[in-house]
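Each remark here refers to the structure printed beneath this line.
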Protein chains: 2
Amino acid sequence: MTVSKVTADAVKPSRPNGKEAVEGAADNATLQLGELSELLGYSLKRAQLKVFEDFLRCVAPLQLTPAQFSVLLLLDRNPGRNQTEIANTLGILRPNFVAMLDGLESRDLCARMRSANDRRSHILMLTDKGRAVLTRAKKLVASKHEARLNELLGPEGRVALLEMLSKIAMEF
Amino acid sequence: MTVSKVTADAVKPSRPNGKEAVEGAADNATLQLGELSELLGYSLKRAQLKVFEDFLRCVAPLQLTPAQFSVLLLLDRNPGRNQTEIANTLGILRPNFVAMLDGLESRDLCARMRSANDRRSHILMLTDKGRAVLTRAKKLVASKHEARLNELLGPEGRVALLEMLSKIAMEF
DNA sequence: TATTGTTATACTCTATAACTATA
DNA sequence: TATAGTTATAGAGTATAACAATA
């Protein structure tokens with residue numbers, strides 16, 4: 001703290017009397033976001049947090065995070081793939097994917113098995129329980145989570161949003 | 001690992017010969033995202049990472065993160081506020097805001113001063129250098145970062161996207 | 001008693017280097 | 001030598017409890 005030690009009165013509008021100034025408008029009211037509300041990244045981040053939060057709520061009975069759900073979905077769609085392939089596709093670093101798989105495997109949702117061709121790699125597959133949980137999760141996501149977003153944005157809005165986000169994710 | 005120990009050959013389509021199967025189409029090709037590409041939260045997250053990454057690149061000469069930029073913006077727009085008010089508005093927890101402010105203050109971008117009214121609170125303000133850096137940052141963000149998004153989405157697309165994201169952030 | 005700033009702490013994510021076993 | 005899975009580790013980001021100063 002080497003900054004000039006001006007007293008706060010130089011900044012704070014003096015209001016020694018009671019409740020609220022009239023002309024001052026918003027004093028102890030809500031803060032002004034200013035240019036922040038025009039910053040795409042800011043709204044993007046806040047929206048993402050809200051959506052993930054709701055995802056967790058909706059899928060809470062199955063105890064799945066968005067990341068775990070995405071792994072199960074990918075395993076279901078891409079049988080016979082190894083850890084590196086799945087992790088790369090999801091943008092997860094291989095070292096970090098190990099603990100994640102340990103968690104899913106310990107809950108008997110998926111399984112690793114040594115490839116017969118290349119004994120270095122682990123082929124990943126869903127277990128029967130994993131498939132069952134995935135099916136239930138998909139239903140919860142569709143009927144509760146995505147349905148709520150649909151309600152807020154309208155079907156057209158939701159599709160338009162998804163398209164633009166995908167475009168950013170892939171081309172930006 | 002209590003799962004049935006089937007050999008991987010049961011899963012992997014046998015292709016003992018050379019390069020690529022014809023009818024198999026995508027074998028060692030790109031993985032199928034499947035329902036993942038319909039999951040709003042997934043694209044939201046991937047897009048957010050891309051946008052933050054680009055923000056950091058564009059504003060790299062000033063060494064500001066998105067979070068730091070948002071603090072500077074907010075201080076500029078809301079002089080005379082204390083740490084709790086600024087932190088709450090940005091969704092930052094007060095304990096975590098301390099180190100963040102320490103960083104900005106040590107670079108002489110902002111300053112805390114004890115309030116004359118309530119000697120518990122620290123009134124926050126930008127320093128002259130903070131204002132100068134903010135001005136330069138805003139220019140970089142507008143001319144490089146947001147301009148690039150504008151190019152990708154079109155002006156109307158960008159506005160539509162911003163509106164929907166704000167709606168989610170505030171009403172979801 | 002309640003609030004502001006703070007410290008300490010813990011837990012999750014993310015990122016990099018290096019080891020092992022296989023190729 | 002190169003690659004797949006793994007370990008160890010370090011750094012952000014985020015969360016909660018508790019303390020000192022002040023109200």
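Scope of the values below: all heavy atoms of this structure, side chains included, with no hydrogens, waters or symmetry mates. Here is how names work: the chains are called A, B, and so on, in the same order as the sequence lines, proteins then strands, and each is numbered from 1.
Clustering of Ile, Leu, Val, Met, Phe, Trp and Tyr by side-chain heavy atoms under 4.5 Å joins L93(A) with none of the others.
Within the 4.5 Å cutoff, no side-chain heavy atoms of V141(B) are placed close to those of C58(B).
Atoms CE (M113(A)) and P (dA4(D)) sit 19 Å apart, rounded to a whole Å. Computed from coordinates, the F97(A) CZ to dT7(D) P distance equals 15 Å when rounded to whole Å. Atom CD1 of I86(B) is separated from atom C1' of dT4(C) by 14 Å (rounded to the nearest Å). The CE-P distance, from M100(B) to dT6(C), rounds to 14 Å in whole Å. Look at CZ on F52(B): it is 12 Å from C1' on dG13(D), rounded to the nearest Å. Across the protein-nucleic acid pair, N82(B) atom CG and dT22(D) atom P stand 16 Å apart, rounded to whole Å. Note: NE2 (H122(B)) to P (dT7(C)) measures 10 Å, nearest angstrom. As rounded to whole Å, 11 Å separates atom C1' of dA4(D) from atom CD1 of I123(A).
N96(A) contributes no side-chain N or O that, together with a main-chain N or O of I92(A), makes up a donor-acceptor pair within less than 3.5 Å. No donor-acceptor pair under 3.5 Å is formed between the side chain of K45(A) and the backbone N or O of A67(B).
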So which protein N/O to nucleotides 9-16 of chain C N/O distances come out below 3.5 Å?
| unit_1 | atom_1 | unit_2 | atom_2 | d |
| --- | --- | --- | --- | --- |
| dA15(C) | N7 | N96(A) | OD1 | 3.3 |
| dA15(C) | N7 | N96(A) | ND2 | 2.9 |
| dA15(C) | N6 | N96(A) | OD1 | 2.8 |

Might you list the N or O atoms of the protein lying below 3.5 Å from N or O atoms in nucleotides 21-23 of chain C, with each pair's distance?
| unit_1 | atom_1 | unit_2 | atom_2 | d |
| --- | --- | --- | --- | --- |
| dA23(C) | OP1 | R119(A) | N | 2.9 |

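Residue pairs meeting the ring pair (Phe, Tyr, Trp, His ring centres under 6.0 Å) criterion with at least one member in residues 79-113 of chain B: none, sequence neighbours excluded. For the ring pair (Phe, Tyr, Trp, His ring centres under 6.0 Å) condition, the pairs that include at least one residue of residues 111-165 of chain A, sequence neighbours left out, are F55(A)-H145(A).
At the phosphate of dT3(D), neither OP1 nor OP2 sits under 4.0 Å from any side-chain N or O atom of T84(A).
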Donor-acceptor pairs are to be reported for all side-chain atoms of residues 155-170 of chain A against protein atoms at under 3.5 Å, with residues two or more places apart or in another chain.
| unit_1 | atom_1 | unit_2 | atom_2 | d |
| --- | --- | --- | --- | --- |
| R158(A) | NE | E146(A) | OE1 | 2.9 |
| R158(A) | NH2 | E146(A) | OE1 | 3.2 |
| R158(A) | NH2 | E38(B) | O | 2.9 |
| S166(A) | OG | L162(A) | O | 2.8 |
| S166(A) | OG | S43(B) | OG | 3.4 |

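Clustering ILVMFWY residues whenever any of their side-chain heavy atoms sit less than 4.5 angstrom apart, transitively, puts L64(A) in a cluster other than the one holding F52(A).
If you check the side chains of N82(A) and R112(A), you find no donor sitting under 3.5 Å from an acceptor.
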